Number of protein chains: 2
Amino acid sequence: MGSASNVAVTSLRKLISDGYWKPGEKLREVQVAEILGVSRTPIRLAFRTLEQEGLLEKTGKQGFVVREFSADDVLCGVEIRGVLEGLAARRLAERGLSARDQEALQQCLDDSETLFEKESLVEEDISRWADINSRFHAVIVNGSGSRTIADAIARNNHLPFASSDSIIIDAAHLQKEFRKLHLAHQQHQMVYQALVMGEGTRAEMLMREHAYIGLRYGRLFGLPDALQD
Amino acid sequence: MGSASNVAVTSLRKLISDGYWKPGEKLREVQVAEILGVSRTPIRLAFRTLEQEGLLEKTGKQGFVVREFSADDVLCGVEIRGVLEGLAARRLAERGLSARDQEALQQCLDDSETLFEKESLVEEDISRWADINSRFHAVIVNGSGSRTIADAIARNNHLPFASSDSIIIDAAHLQKEFRKLHLAHQQHQMVYQALVMGEGTRAEMLMREHAYIGLRYGRLFGLPDALQD
DNA sequence: TGCTGTTATTTTGGATCCAAAAATAGGTTT
DNA sequence: AAACCTATTTTTGGATCCAAAATAACAGCA
């Protein structure tokens, strides 16, 4: 188990994402300390980290409040991920894929291929897809070969709606979601093609476009309908 | 004057950028506390902030060390700014400039126009240009209308070589630098044209290209010669 | 000499304490 | 009823204290 301070960061991130406090609501150090069963010190450290991540912000007055996000912020978070992952993909294509990377990506495509052989999905397929998707993006991000780029993407991913992992699927309508996930898979295939052919500009463009598919699952964030489908 | 903790962040940022500690060198809390004349508490808070900004990193062992940057990291920092400011410019062009924004940009262009009417620059012109350049970029970043994008750019700018303000001019060769700054000015003009005409894609592309001009002054960061001119 | 296990010292992480700043409540005046 | 000033309570920021972890120093041994 990690230090109390690191635990505080992750626990707080979850509490905030789960809506324990309303947007704009102030967090009192003593209250948070009691909830997590630690003293104020690790909480104060955690507040600084969460502030940098963009989940908290200083008020004009005193203390920190949970950051309020608009539908446009959600769109921007996704677009930021698009341009950054696009940058990573372009670099990967231009430097050339290692055999290891190419295999890993191929494996992702094979895995999702078997997933989509059926006509529809069952609930547990969702987590299978989440895993495949996560691996695919990780290869590209790390494949940029730049820690600076990877860090920038990681920072942006702290916004709970911006990460490529944050695709939320409506389990009640698996039939409808099938088409959408299948499209995501096809986009992965196209990106893969561009990467192995060393077409950096095309890989970048495809990754930028691919980012928007996350928005299609953004109903929970109050996106206008026009952006949803 | 701000709180001791905020002072610690800015003071530490400067100390690190000035090379007080070598890259990879460990920072001891008590030592830093003595240097800045405060207790360990604000230092510990500052370390967290600086870690998020990317100037410090946790070692595998214990404590924080100053992050070491490669020439490629410098390139990536600049490219990241390019895609993010490009995103901001595209949004600004697509939503349309306010009269206020258009005036502010026009004023920047007018100011630099008078700067480049002469055949060469004197030393104080450099700070004049730095101010103009800073204002120009600020209008575009804020013009995106998205705090999320502005924050992402601000975070990236914490890398001391990535900010658009970090153009370093060799005062010993003002004659040679003249051409480079003049090119930057011409790029500003092109960006302005694209913005007022509402050509988002072109504005984005021009901003991305414009970012690279910072690299031309990157000698101090050990960039390979091929990237310099 | 080189290696390993043990002890001593340093350094960090968390809790507590205290003072200063800020928010709140209450009462007064207009 | 609204604005203003004051007093009380709350909350934060910084310093200090203590324990645990980690690093460094050291002795014993192959």
Side-chain angles (χ1 to χ4, degrees), chain A residues 1-16 19-68 151 154-155 158, chain B residues 1-16 19-68 151 154-155 158:
Chain A
M1 194 176 92
S3 64
S5 173
N6 291 330
V7 172
V9 171
T10 51
S11 305
L12 253 181
R13 243 199 303 253
K14 182 160 170 47
L15 279 175
I16 294 170
Y20 190 94
W21 292 274
K22 295 187 215 309
E25 193 177 347
K26 185 178 171 182
L27 274 71
R28 272 176 226 82
E29 292 178 359
V30 283
Q31 183 200 11
V32 178
E34 281 170 12
I35 292 175
L36 300 183
V38 293
S39 82
R40 277 176 56 215
T41 306
I43 301 299
R44 292 175 65 189
L45 295 171
F47 278 10
R48 296 305 177 105
T49 301
L50 276 296
E51 182 199 14
Q52 290 294 319
E53 291 181 1
L55 264 66
L56 296 180
E57 61 181 342
K58 283 212 191 81
T59 68
K61 310 190 168 185
Q62 192 189 52
F64 294 90
V65 299
V66 310
R67 170 88 181 272
E68 185 164 7
D151 283 354
R155 274 198 294 269
H158 281 132
Chain B
M1 195 176 90
S3 65
S5 173
N6 290 329
V7 173
V9 171
T10 50
S11 305
L12 253 180
R13 240 199 304 254
K14 181 160 171 49
L15 279 175
I16 294 170
Y20 190 94
W21 293 272
K22 294 187 216 310
E25 192 176 348
K26 186 178 171 184
L27 274 71
R28 273 174 224 84
E29 294 177 358
V30 283
Q31 184 200 10
V32 178
E34 282 169 11
I35 293 175
L36 300 185
V38 292
S39 83
R40 277 176 56 216
T41 306
I43 301 299
R44 292 175 64 189
L45 295 171
F47 278 11
R48 297 305 176 105
T49 301
L50 276 297
E51 183 199 13
Q52 290 294 319
E53 291 181 1
L55 264 66
L56 296 179
E57 61 181 341
K58 284 214 191 78
T59 68
K61 313 193 166 182
Q62 191 191 54
F64 294 90
V65 299
V66 310
R67 169 88 181 273
E68 185 164 8
D151 283 354
R155 274 197 296 269
H158 282 132

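Letters A, B, ... mirror the listed sequences (proteins, then strands); counts begin at 1. Model, not experiment: these values are computed from the prediction.
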How about A:K14: does its NZ atom have over 12 heavy atoms from other parts shown lying under 6.0 Å from it?
-> no
State, with a plain yes or no, whether a side-chain heavy atom of B:R67 is found less than 4.5 Å away from one of A:D151.
-> yes
Beyond-backbone contact of A:F47 with A:L12, side-chain heavy atoms, under 4.5 angstrom | yes
Between A:S5 and B:R48, is any side-chain donor less than 3.5 angstrom from a side-chain acceptor?
-> yes
Could you say whether B:V38 or B:T59 is positioned toward the 5' end of DNA chain D, judged by the nucleotide with the nearest heavy atom to each?
-> B:V38
Please state whether the phosphate of C:dG14, meaning OP1 or OP2, lies under 4.0 angstrom from any side-chain nitrogen or oxygen of A:S39.
-> no
What's the shortest heavy-atom distance between B:S11 and B:L36, and which atoms?
-> CB-CD2, 3.9 Å
Separation of C:dT11 C1' from B:E34 CD (nearest whole Å) | 13 Å
To the nearest Å, how far apart are A:N6 CG and D:dA21 P?
-> 15 Å
Per-nt protein contacts along nucleotides 7-13 of chain D (heavy atom under 4.0 Å; B base, S backbone sugar-phosphate only, - none) come out as ----SBB
Got a donor-acceptor contact below 3.5 angstrom from the A:R155 side chain to the B:Q52 backbone?
-> yes
